[in-house]
Q: 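I have a structure I would like to understand better, so I am pasting it below and will then ask my questions one at a time.
Bear in mind that the values here come from a model prediction, so they are computed numbers and not experimental data.
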Amino acid sequence: MHKDQYQPEIDGLRSLAVFLVILFHSGVSAFPGGFIGVDVFFVISGYLITGIIINDVSQGSFSFLTFYKKRIARILPSLIFVILLVISFGFIFYDLNLFDKIGKQAFFAAFGMSNILFSEGVDYFHSGVEASPLVHTWSLGVEEQFYIFWPAVLVGFIWWAGEKRALWLILFLVASSLVLSEIAISQNAFSSYFLPHYRAFELLIGAFFALLPRHVNLSCSFGTKNFLSISGMLIVLLSSFLMTGETPFPGMWALVPCLATALIILFSKGTVVGWILSRPFLVGVGLISYPLYLLHQPVISALLFLEIFKKNQSFQVLVVTTLICLPASYLVYRYIERPCRNVVRRNNLTGYLGAFGLVGMTGVVASAGLVIALTQGVPQRFKLLNPFSFEISEMQKPTFHERFQRGFDVDLNDHQSKILFFGDSLLQQYVAPIVKASGVVKGEVDIVSRGGCVLLKGVDFEDTFNGISCNDLRRKLYEIDKSYDYVFFSQNWFGYSKDILNSSCRIEKIGCGFDRWQVFIAETIRHWQSKGAKVFIIGGHLTVNWPQDLLPVMYANSERYQEALSELSVVNYDEALEMTESIDGFVNRVFDDITVLSPVDIWCRDGREACKLHDGTWSYFADSSHVGEASMPYSVSRLKETLMRIAPELND
């Protein structure tokens, strides 16, 4: 908008939106709906961008090149800085797995596509994403994708049909996007939270109300304006109090904060709400709201990762994050964003060179992320700068991924194989040691597996990852037309409480353990026994207290690592033993010739106090529930003893 159309209330509204998001990401329980701050931003963005386009078009001064040059100046400087900050932190503090993830996120965030990445498998409310420093850039991706297409659509329609008819176009697009969003939510489509066609209606609501006052007289009395703006503010605040991660969102529920935001934008000027939002502090925060939004999540992530605060200390996290991010955001705004914007917005060679420079720098940042991802966390940084960390990373490599392939790895041309394995990542960690202990060659093994995936027969599963479809894997698994001598399967028996839609018990509570698995285990066994296979089930898996000093990070050293080894301990010994005994008791009452392998027996054969979790030099566990390469010699020897005792035919 032009300077004479500046609305300080909108900057004040931006400050409210960013504080709501910070409250949500800090985990403050009083604001479970603080995520609606993003929706407030969407409406503001749609309103302002459309206003800019309409004003320039009506004056005959609109230029696509100028428009996109200004977007580059607005978005890229702070974004580049924050991504580099996150990469630098990860280079020092993250292990290979986490740094690999950051590389992927940095690559997609740099190109404004992180919402597409996160739509492939991030649950914004239930997956611990508060510890992910770039997860919040999904909303920036939605806005950037809107900026790419909306100017051409709007300008083209105005040129073809006129400005007034554009209102009907916007309403049609709002309705279409809203319908798509509702359909996606009803089908539990995981991507519905992140992808632009499900979110477009929020930005388009802002666009509609930017254009409406040009053709409809919205003038009203002071009392009416007060009532409408106060109502809008109360609705936004109540939404942040009352909405939760369980609210079907976006869809129809997103209309509530979006329309309320529109009321504030349209009617707050000169009212009580307008006076509050125009206070210098709120306007000042609004001016730095973009770098503040970008910085707050990396800071929260760092505080939680370094365990400066625990997750239940949300108020402390909020206070420290605010104290760090407010001055830091001002510095980014003052010394990075504003100078870059002033250069790039010049209509001369310097301005265009500045824009090309920012685009080139974005490519450099994206390339850095790509290198991190392609090298799976840049292990060379350890090899060159801290050889001990490199040794740790080698010892913590998953035993499965170095030797086998996840997904559907089945030779359908061979009518018989010796062993079939299927299950999630907790099954995966036993594949290599079982194969080696039994002496079976790799070509005689078929595998159907994916992390976070329940593959028991009859399960109606709500998949939270879009890469390799769990439901497709399950369908293909039970369509296999070949026979096996042995079938091994397992799951995280303590997980998936809300993901199994046809379970008799979908919440975690006492007595809601093995019961919910009985029907599915029985169907699974019947299926494979009918094909002549001997069935093995791996029982309750162990969870260990796993100190962060065992991580392969840049500052790791042998002394801290050895101290951390002594802190390793099993935290669910009784639960794992009880789960194994429940599975064993059930299958042996109902079926013949079923063998249950006990992880407790493998790792804790001499009792709770004598669990074998390390060899004195290296931890067998690579995290709290998965074992690494260092465990192979021990687990192979233990499994060989166990299989010789309970299934000697496997070693024939």
Q: In Å and rounded to the nearest 0.5 Å, what is the CD to CD1 distance from Glu202 to Ile44?
A: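 The distance works out to 12.5 Å.
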Q: In terms of side-chain heavy atoms, does Ser45 have a donor or acceptor partner in Glu143 at a distance below 3.5 Å?
A: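 Glu143 and Ser45 do have a side-chain donor-acceptor pair below 3.5 Å.
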Q: Classify the ring geometry of Tyr496 against Phe461: parallel below 30°, tilted from 30° to 60°, perpendicular beyond 60°.
A: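 Rings of Tyr496 and Phe461: perpendicular, as their planes differ by over 60°.
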Q: Aromatic rings His25 and His296: how do their planes relate, parallel, tilted or perpendicular, breaks at 30° and 60°?
A: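 Parallel.
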Q: Less than 3.5 Å apart, any donor N or O on the side chain of Trp150 or Thr50 sitting next to an acceptor on the other?
A: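 Side-chain D/A pair, Trp150 to Thr50: present.
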Q: Cation-pi check for Tyr193 against Arg199: NZ or CZ below 6.0 Å from the six-membered ring centre and within 45 degrees of the axis, yes or no?
A: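 Satisfied, under 6.0 Å and within 45°.
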Q: Is there a side-chain contact (heavy atoms from CB on, under 4.5 Å) between Gln491 and Leu455 once you walk through the steps?
A: CA-CA 8 Å; Gln491 303 284 166; Leu455 292 172; 4.0 Å; yes
Q: Could you tell me whether the side chain of Asp460 and the main chain of Leu501 form a donor-acceptor pair under 3.5 Å?
A: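 No; zero donor-acceptor contacts below 3.5 Å.
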Q: To the nearest 0.5 Å, tell me how far Ile75 CD1 sits from Lys70 NZ.
A: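 Going from the CD1 atom of Ile75 to the NZ atom of Lys70 covers 14.0 Å.
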Q: According to the interplanar angle, ranging from 0 to 90°, do the rings of Phe64 and Tyr68 count as parallel (below 30°), tilted (30 to 60°) or perpendicular (above 60°)?
A: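 It falls in the parallel class, under 30°.
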Q: Once rounded to the nearest 0.5 Å, what's the spacing between atom CZ of Phe31 and atom CZ of Phe24?
A: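 The CZ atom of Phe24 is 13.0 Å from CZ of Phe31, to the nearest 0.5 Å.
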Q: Go through the steps for Leu117 and Met113 under the test side-chain contact (heavy atoms from CB on, under 4.5 Å), then give the verdict.
A: CA-CA 7 Å; Leu117 173 66; Met113 298 188 298; over 6 Å; no
Q: According to salt bridge (Lys or Arg N to Asp or Glu O under 4.0 Å), who are the partners of Lys457, at least two apart in sequence or on a separate chain?
A: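 Per chain and number, Lys457 pairs via salt bridge (Lys or Arg N to Asp or Glu O under 4.0 Å) with no residue.
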Q: Would Phe118 and Trp138 count as a ring-ring contact (aromatic ring centres under 6.0 Å, His included) if you check the C-alpha gap in whole Å, the side-chain angles of each, and the deciding distance to 0.1 Å?
A: CA-CA 7 Å; Phe118 293 127; Trp138 74 267; 8.8 Å; no
Q: Just checking, is any N or O donor in the side chain of Thr137 or Ser114 under 3.5 Å from an acceptor N or O on the other one?
A: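 Ser114 and Thr137 do have a side-chain donor-acceptor pair below 3.5 Å.
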Q: With no hydrogens and no angle check, just 3.5 Å: does a side-chain donor-acceptor pair link Thr224 and Ser221?
A: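 Looking only at side-chain atoms, Ser221 and Thr224 do form a donor-acceptor pair, the distance falling under 3.5 Å.
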Q: For the pair Leu255 and Ile205, evaluate side-chain contact (heavy atoms from CB on, under 4.5 Å) and give the outcome as yes or no after the intermediate values.
A: CA-CA 9 Å; Leu255 285 178; Ile205 285 172; 3.6 Å; yes
